[in-house]
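Presented below is the structure to which this report refers.
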Amino acid sequence: LCFNSLSHLNEDLKEMLESNKESLKLEAMKRIVGLIAKGKNAYELFPAVVKNVASKNIELKKLVYVYLVRYAEEQQDLALLSISTFQRALKDPNQLIRASALRVLSSIRVPIIVPIMMLAIKEAATDLSPYVRKTAAHAIQKLYSLDPDQKEHLIEVIEKLLKDKSTLVAGSVVMAFEEVCPDRIDLIHKNYRKLCNLLVDVEEWGQVVIIHMLTRYARTQFVSPWREDAVFDENSEKTFYDSEGRRVDQSKPYIMDPDHRLLLRNTKPLLQSRNTAVVMAVSQLYWHLAPKHELSIITKSLVRLLRSHREVQYIVLQNIATMSIQRKGMFEPFMKSFYVRSTDATHIKTLKLEILTNLANEANISTILRELQTYVKSQDKAFAAATIQAIGRCATNISEVTDTCLNGLVLLLSNRDETVVAESVVVIKKLLQTQPSQHSDIIKHMAKLFDSITVPMARASILWLMGEYCEHVPKNAPDVLRKMAKTFISEEDIVKLQTVNLAAKLYLSNSKQTKLLTQYILNLGKYDQNYDIRDRTRFIRQLIVPNEKSGALSRYARRILMAPKPAPVLQSAFKDRDRFQLGTLSHTLNSQSNGYLELSDWPAVAPDQSVRIVEVVELAGAPLLGKSKPGKSAEKFYSDSEEEEEEEGSSSEDSSSSSSEESESESEENSDDSNKSSSSESDSEKKKKTLKNKKLQQQKPDSKDSHDLALFLSQSHLFFLNKFLVVFKFNLRCIFVANCRCSLLCLCVFLACQFDAVSWHVRVSLQASFPVFVPETSHELLHRMTGKGLSAQYRFTRQPCIYGNSMVSLQLTLSNSSDQALENIHISEKSSTGQNIHRFNAIERLEPQASVTVSMGVDFNDSTQAANFQLCSTKTLRSDELSVSIQPAVGELLLPITMTEADFTKEQGKLLGMNESSATITMTPENISSQSVNRKVVSVANLGVIPSSQENIHSVPRRCLNLTKPTFWNVIKKTNCS
């Protein structure tokens, strides 16, 4: 009946899929996906579903792709018929369709389409959508499993994706790296710091993969922090110089690598993650990489995980059991968290018992033993037996309680439960081997209980004790042998073997009483069904009963059988598991699993740190924000003293330098004005511009501090709407005070409202100056997929606009990525927001794969409101109008001007009280110099520079593009000395 109903359902679904109505097809696909989710087989519907793969309905197409991903590997022939559809879908404007098409294509595991898959992955790796790039990283693993010969090509794609800055891609590409080329550590060098910084924002399962990869990476790149002379001060320069005089003749102490500290610092917040796998990954990273005194921070997080499901508890407890062997102090304060609950499963109880035993010491042993006494009474027999073994371990490890534990185990011999009695006998046997002469009474007591014990292992243990210490119980041992002779045939094999051993030992030590019993038992064993017992019997007979055939070995029978034996060592089952990385399958199974990557030993000497420094090529003399050149920071550090020396002569040079700079700026302005009609500057002007920018930008601006300034500017953009000018005065000197740490840089920004423009013109002459910093970053205006082959990018040139004093100058780059020429590219006369836009001349024809650069001007009306307009083009007699918008940053709405310090001071003094607004920005000590402040400000706003005679006041003048009313900016640098 079930088969008939399912067949009938499939027929209905096929009819719905073949219908002409999109709604019926969509409903059918929803039902099919629902069947798949419930575990039902929808295999027979594949032909009907694959017909809809080219549907124009996006929702229907998504569901079809979900179905194809599930069954494409089983129906490879039918899936191959739709490959052309998948290839077209890879260029679909919808990112979900592109990603789904790539996912289906990589699920068709047919070697013949490997080249197609390879091209699709390379194309998707450069897609603008991070979701598609993430799917490409997933497809890399599938293609590698299908054709390992593509490894080199896939490594190139992985290297490209590792540079991706999207948090959505990071986890997936690292997973592909671990699958394809885990030994290519060189691919991680340049991306190490980026991965550390992105780690907090990556999705949870990506965090787990990245953390495990970075754990392996760190073990190969940093030296061990577990040295006794380790120093953990992050201010490595200070530590070095403070200890220089004291360590001349000593070896250099360990100082943690900044990148090592970066990894530990950025993973620490993830201990609060709601995902248990993330917490476990961070815990193992700290266990394998962190200094020993920092391990305590993972304890609370691991204990918190014990409130999760029993599956999670099992893994966490296994890792804690391994940790507690080496570091008891970590978990001792949380000992009560490992007390067994009645609702715990047996395997959870056993692991908690293991941890409690590992934590036992002289201080807490009494508490633990009281807890173990309760566990012995448990109805769970396996757990009760494990508890008795734990008591034996406590007695072995802590000599103060050995006698107490032994007496308690003897009392358990009278327990009604056979399992408890048997396990007690086994444990007592191991304990007695340490001090047999002092506990002969216990051996006699066990001999009396021999008849009541039925568990084979317990009976064998008693027989071994009788034989090993027969000299201490000369009356009891022969009697036990007599009893065993009667029941020898019915005993278990392990008991028979120990009976033969007992007979041999008694024959050697007390042959008068046991000679006949020994011969009888040997005759019984000679014809036993088990060949082990027969072989043992023949060996013992030849060894202890001399005859003509016996060799010299029989003379050493007593030394062989009665030799003193070392006491067994009762140790944890987790003692050797630390050879595996914590949190891995191999650690759980205590056996190396397939694909396990071992952690390497710490290197004796740390490899070169410079491999992790990202080099950035500076264009037009302007360094990119947030980047640095190798060795730049070190060069700056050692040049502090040189700057102090240069300050002595700087006062005498201020006047000459300021005049030379003014003349230089005027000459540059004149040359710029004379060439406004031209489309590009001359080579000599570019060189001058480059030299000037390089002088003012010796170092990279700190990305965080620049971000703070940009944030303040964006929050203060309402003041710019009041139509005023900005003046910002910079000091060219910076004083470093010995033994003082500059902890705070207060940027007090005075923004004044507008005042009478006529009087301003009378007092001060406004003159535009050359931009100090010109950003090279381009912004996307139109994507090639949206523009159907036409793409556009724009950037702010920060030059005075030749089309109008109130306009912002923009440079537009148009590219044709299609296979057909584009004609009549121009900006439509329509403007939705009403801004005044100076349009570029229409481009008559743009060939395929060609690009052209044009300039345009936009009057944003001193507002950050986006300028919207229509970008039009003609392709094969078809006209397209594409809506685009340009969103200006606040700092790009300004134009630098020149003025004297006296005029600045005079006018700024009139604008206090209600006309004043201030803000404070905290900056790092190394970024408080005049040059650093200069760079950070001009990187986010188009400002000019004038000299200042005061030590802690910096000013820069600027004005809004179409206004002449002033605003003044002061930067007051305050330092706290400690």
Side-chain angles (χ1 to χ4, degrees), residues 292 295-296 299-300 302-303 306 316-342 344 346-378 380 382-415 417 419-421 423-436 438-439 441-442 445 566-578:
K292 293 182 179 179
L295 289 178
S296 57
T299 307
K300 289 184 178 180
L302 290 174
V303 172
L306 297 180
V316 174
L317 287 171
Q318 278 196 327
N319 288 274
I320 293 178
T322 302
M323 295 179 185
S324 60
I325 295 175
Q326 299 182 21
R327 305 283 295 178
K328 294 184 179 181
M330 284 178 58
F331 299 97
E332 189 175 352
F334 304 92
M335 189 172 64
K336 291 185 178 180
S337 300
F338 305 107
Y339 284 175
V340 174
R341 301 179 181 178
S342 59
D344 289 336
T346 302
H347 61 283
I348 300 297
K349 292 179 181 179
T350 306
L351 285 172
K352 287 186 175 181
L353 191 64
E354 181 76 28
I355 296 171
L356 286 175
T357 309
N358 292 340
L359 298 180
N361 54 36
E362 293 81 357
N364 59 24
I365 186 60
S366 57
T367 304
I368 292 178
L369 285 180
R370 283 197 300 270
E371 191 72 16
L372 296 182
Q373 287 176 1
T374 307
Y375 299 162
V376 171
K377 303 174 184 178
S378 173
D380 189 340
F383 175 58
T387 302
I388 295 173
Q389 294 179 4
I391 294 174
R393 281 182 55 199
C394 291
T396 303
N397 298 333
I398 305 173
S399 58
E400 289 83 353
V401 296
T402 302
D403 294 338
T404 304
C405 294
L406 197 54
N407 294 331
L409 292 173
V410 172
L411 294 176
L412 291 178
L413 294 177
S414 58
N415 196 290
D417 191 345
T419 306
V420 174
V421 174
E423 199 65 37
S424 300
V425 170
V426 175
V427 175
I428 289 173
K429 170 215 166 187
K430 295 178 180 179
L431 293 178
L432 287 179
Q433 288 184 252
T434 58
Q435 297 174 336
Q438 301 178 13
H439 302 288
D441 294 338
I442 297 177
H445 181 67
V569 179
L570 299 179
Q571 61 184 14
S572 172
F574 290 84
K575 184 174 180 59
D576 297 329
R577 292 204 184 189
D578 57 351

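Remember, predicted model here, so these are calculated numbers, not experimental data.
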**Report entry** Distance, nearest 0.5 Å, that separates CG of L302 from CD1 of I320
**Finding:** 5.0 Å
Query raised in the report: Between CD of Q389 and OG of S424, what distance do you get to the nearest 0.5 Å?
Result: 10.5 Å
**Report entry** More than 12 heavy atoms from other groups under 6.0 Å of NZ on K328
**Finding:** yes
Report summary line: Value for CG (L295) from CD (Q326), rounded to nearest 0.5 Å, stands at 10.0 Å
Query raised in the report: Hey, what do you get for CD1 (I368) to OG1 (T357), rounding to the nearest 0.5 Å?
Result: 7.0 Å
**Report entry** Any I428 side-chain heavy atom under 4.5 Å of L413 side chain
**Finding:** yes
Query raised in the report: Between N358 and S572, is any pair of side-chain heavy atoms under 4.5 Å apart?
Result: yes
Requested in this report: Go through the structure and list residues passing salt bridge (Lys or Arg N to Asp or Glu O under 4.0 Å) with R577, not counting sequence neighbours.
Outcome: none
Query - Spacing of K429 atom NZ and I442 atom CD1 [to the nearest 0.5 Å] - result: 15.5 Å
Requested in this report: Without swapping roles, check the side chain of T322 against the backbone of Q318 for a donor-acceptor pair under 3.5 Å.
Outcome: yes
Query raised in the report: So which heavy atom on E371 is nearest to which on Y339, and how close?
Result: OE2-CG, 3.8 Å
Report task. Apply side chain to side chain contact (heavy atoms under 4.5 Å, CB included) to L317 and F338, showing your working. Result -> CA-CA 9 Å; L317 287 171; F338 305 107; 4.0 Å; yes
**Report entry** Side chain T402, main chain A395, donor-acceptor under 3.5 Å
**Finding:** yes
Query raised in the report: Do side-chain atoms of N364 reach the backbone of N361 as a donor and acceptor pair under 3.5 angstrom?
Result: yes
Query raised in the report: With a 4.5 Å heavy-atom cut-off, do Y375 and D380 have their side chains touching?
Result: no
**Report entry** Min side-chain heavy-atom separation T387-T374 under 4.5 Å
**Finding:** no
**Report entry** Shortest non-hydrogen contact between F383 and V340, atoms and distance
**Finding:** CZ-CG2, 3.8 Å
Query - Gap separating the CD atom of E400 from the CD1 atom of I365, nearest 0.5 angstrom - result: 9.5 Å
Report summary line: Here the pair of heavy atoms bringing S342 nearest to K349 is O-NZ, 4.1 Å
**Report entry** Heavy-atom pair of closest approach, residues A384 and V420
**Finding:** CB-CG2, 4.3 Å
Report task. Over all heavy atoms of both residues, which pair between L359 and E332 is shortest? Give the atoms and the distance, please. Result -> CD2-N, 4.3 Å
Query raised in the report: Would you call R393 and E354 a side-chain contact if the rule is heavy atoms closer than 4.5 Å?
Result: yes
Requested in this report: State, with a plain yes or no, whether a side-chain heavy atom of F334 is found less than 4.5 Å away from one of I355.
Outcome: no
Query raised in the report: Side-chain contact, heavy-atom cut-off 4.5 Å: I391 with V427?
Result: no
Query raised in the report: So do T350 and T346 actually touch side chain to side chain, heavy atoms under 4.5 Å?
Result: yes
